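Have a look at the structure below, then the notes.
As the structure is a prediction and not an experimental result, all values here were calculated from the model. Note that these values count all heavy atoms, side chains included, but never hydrogens, waters or copies made by symmetry. Numbers restart at 1 for each chain; the letters A, B, ... are given by sequence-line order, proteins then strands.
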Amino acid sequence: MFSTRKRRAGVALALTTSAAIALTGCSGGGGSEPAATFDPEEEVTLDLAFWGNDVRADFYNQAIAAFNEEYPNITVNTSFLAFPEFWEARQVEAAGGNLPDVMQFDYSYLRQYSENGLLLPLDDYMGGIIETDGLAQNILDIGVVNDQTTAIATSTNAWGLYTNPILAQEVGASVYEGGGSWEDYNDYMIEATQAAGDSGVYGGTDWTGRIQNFELHLRAQGENLFTEEGEPNFTQEDVAEFFDLGTEVREQGGVVPGQLLEELYPVSAFDSARSLSELTWDNFGAGYLGNLGEPYTELGLVEPPTAEEGSQDLYLKPSMLHAISANTDHPEAAATLVNFLINDPQVSQIFGTNRGIPASETQLESLSLEGLDAQIREYEQSIEDRLGDAPPVPIVGYGAIEEEWRQIGTELGLGTITPEAAAERFFTEMEVILNS
Amino acid sequence: MSTSSSAISSPSQLEAPLVAPPPREARSGRRKLTPGRVAQYVLLALLTAIVLYPMIWLFISTFKPSSEFGQNPGLLPENGTIDNYFKVLEGIGGIPLWKFFANSLLLAVAAVVGTLASSSLAAYAFARIRFRGAGIFFAAMIGTLLLPFHVIIIPQYVLFQRLDLVDTFWPLIIPKFLATEAFFVFLIVQFIRNIPRDMDEAARIDGAGHLRTFFSVILPLIKPALITSAIFTFIWTWNDFLGPLLYLNSPENYPLPIALRLYNDQTSVSDYGATVAVSFLALLPVLLFFLVFQRFLVDGVATQGLKG
């Protein structure tokens, strides 16, 4: 099945490439020359798929209405699902060679789909149909797999530390100032939990249960989780040592106990006003505010602790991307739509920060951010010195590895496993995922 | 013999004792309330409450504002509101909620009709007609029960895609009319095998062909099996998630289970209040369907043995 899929995708790829060459004609060598242009008179229908809820669906409808004012001959049919189902449907469509023309895309699937030749290489359209003036090089690099651009980031986010100052005041605890070492943060959590007393509020959640915090530790030493070739950059001992960093704070009750986390699931302890701080992606703030409700109307967003002062352990990750399927019949029209969604200021005015802080300068400039959005923007500016190069596009199966780590983390929290055993299990599971 | 042949000329006579159950003692009058009986009822009510608690929690939680989930795990809402219902009735992305209900209903009804019609005909053939390769076909049919659905997803998808039927209801309805539900075929086959062959033979002597025998003799007798199949088909189709997920792309074609998930998006803001409200609403039709047909189900089981 996979070989035929590859072959068919390969044929599609060959066809599009030859079409692109035919269209370029004799202009060869002119790198600045746009390779393909869009014929606005052609009647075209495109499928656009995205994940999200009804709010986002409404935004997309408005954005497409604006798009159709400019391009009345392109009809866009939208399809939307929740995140896990979105990918289930795409996997089957990919096998059938029937992916939607334009897709909202996720970083964790980018390598898999690109390497299987399912995504249209966009290099021929860059600087032509897809304007790149507003996109910084480090943002363009995000969508490059094996030297080909297959996706473009709509927006970026960074790892951050959310705090709940109103809750802290309520229970008489202090608010973490951000930065510092991981030991400082552990001390803070123990202290804050004690200050909060009987209120049942904790200083934070056990951060060893998130692979991103391990990644921060590695990056502080100048390493990424995985090499360009997809090999892990760490040993089982490294993982065991890392899990052990949380042993003391777990034993002293400084973090939300595992049992409480399970009771609150699917919402987090931070969502439920039971935790004063949480390390996560900075675009989670709106979700927190929504789940917290009154009276917690403001949050703090500060730098995570660091294992090495002055290192560049943080990086900008795309919160989502746009990609075009290799089986599209209308690559030019699809590229036109992608360009509109990425660069047009009308789109950012409709979406606000629903997709994250816009990656394109032209979109960002048109946006006057306030409240939490302004806070996130300021945060991403404030950590500029700590931002290093983004790691290689996540390996195939990274999503499963991340989830495995999280599950082992919950078991550490429940106290059913030692750091050594946890590291051993993670390695076994990771090898299964990497070799499948 | 004479009784069965008269049954053929007027099947309603045969049906009559099946439909009307004998009057039961329980219906004849009120029983006396003794302390022992009261205690019995209290105990039963308590047990019922425990079993129904998740349902009750779901219903009462539909009145909780979204932010209370997680912070208030208890039964009663702190700030009760019916906004959740107003919100879900508006629908999603410009598509009203009734549209999702209508899609679900259409799929479920079509599936019930298709499954009953095709499975009973196929079952009749397997049980009563001796044709070449019957044994192999029967084994193959049973064999499909062992085939995990996930094995056939992709070939089936490619097939319907080539037929250009993706994003229509047909890929979800056509298979039901082709007796692909081996479970029900098997169920009805077993049921028909228990019906005395004398009846068919009598019909044949009276000049009935296979179709006439099927419609006049067998169909009235396998009603209990048909009702069981109908209930299961309805509930399975109503709750089916994967099929519609793969074959329906346009949001206006989504049935309820998919629409339901859209309220609960982990990547942005999850509206738990709306999720429980719409879950509760989605549950009602299945509940009603079961309540209405449950009586037949019990009757069916009670009169299954054909006597006299």
For chain A, which residues from residues 249-258 of chain B have at least one heavy atom closer than 4.5 Å to it? N249(B), S250(B), P251(B), Y254(B), I258(B)
Pair S268(A), D271(A): side-chain N/O donor-acceptor within cut-off below 3.5 Å: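 Their side chains do contain a donor-acceptor pair, which is all the 3.5 Å distance test asks for.
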Regarding Y60(A) and Q104(A), is there a side-chain donor-to-acceptor distance under 3.5 Å anywhere?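 Their side chains do contain a donor-acceptor pair, which is all the 3.5 Å distance test asks for.
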Residues which pass side chain to side chain contact (heavy atoms under 4.5 Å, CB included) with T144(B), listed by chain and number, not counting sequence neighbours: A182(B)
Among the options [options], pick out the one with the most heavy-atom pairs lying under 4.5 Å from chain B.
options: E88(A), M320(A), E294(A); result: E88(A)
options: L264(A), V267(A), N98(A); result: N98(A)
options: G293(A), S319(A), S79(A); result: S79(A)

Between Y288(A), F284(A), Y296(A), which is the residue that forms a ring pair (Phe, Tyr, Trp, His ring centres under 6.0 Å) with Y162(A)? Y288(A)
Per-residue contact mode, L248(B) against chain A (heavy atom under 4.5 angstrom): neither
Chain A heavy atoms under 4.5 Å from F241(B): which part of the residue, side chain, backbone, both or neither? side chain
Considering only residues two or more places apart or on different chains, which pairs with a residue in residues 85-104 of chain B satisfy ring pair (Phe, Tyr, Trp, His ring centres under 6.0 Å)? F63(B)-Y85(B)
Relative to F351(A), does R355(A) satisfy both conditions: NZ or CZ under 6.0 angstrom from the six-membered ring centre, and within 45 degrees of the ring's axis?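 Yes, R355(A) and F351(A) form such a contact.
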Taking the six-membered ring of F86(A), is the NZ or CZ of R90(A) close enough (under 6.0 Å from the centre) and on axis enough (within 45°)? yes
Please check if the side chain of Q62(A) supplies one atom and the backbone of V347(A) the other of a donor-acceptor pair under 3.5 Å.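 No, Q62(A) side chain to V347(A) backbone: no donor-acceptor pair under 3.5 Å.
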Between F289(B) and F293(B), is the ring pair (Phe, Tyr, Trp, His ring centres under 6.0 Å) condition met? List the steps. CA-CA 6 Å; F289(B) 189 87; F293(B) 283 94; 4.7 Å; yes
Looking at N79(B), I92(B), L245(B), V166(B), which one has more heavy-atom pairs under 4.5 Å with chain A than the rest? L245(B)
Who pairs with K176(B) by salt bridge (Lys or Arg N to Asp or Glu O under 4.0 Å), at least two apart in sequence or on another chain?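 K176(B): salt bridge (Lys or Arg N to Asp or Glu O under 4.0 Å) contacts with E181(B).
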Region of E93(A) that comes under 4.5 Å of a non-hydrogen atom in chain B: both
Is chain B contacted by the side chain of P84(A), its backbone, both, or neither, given a heavy-atom distance below 4.5 Å? side chain
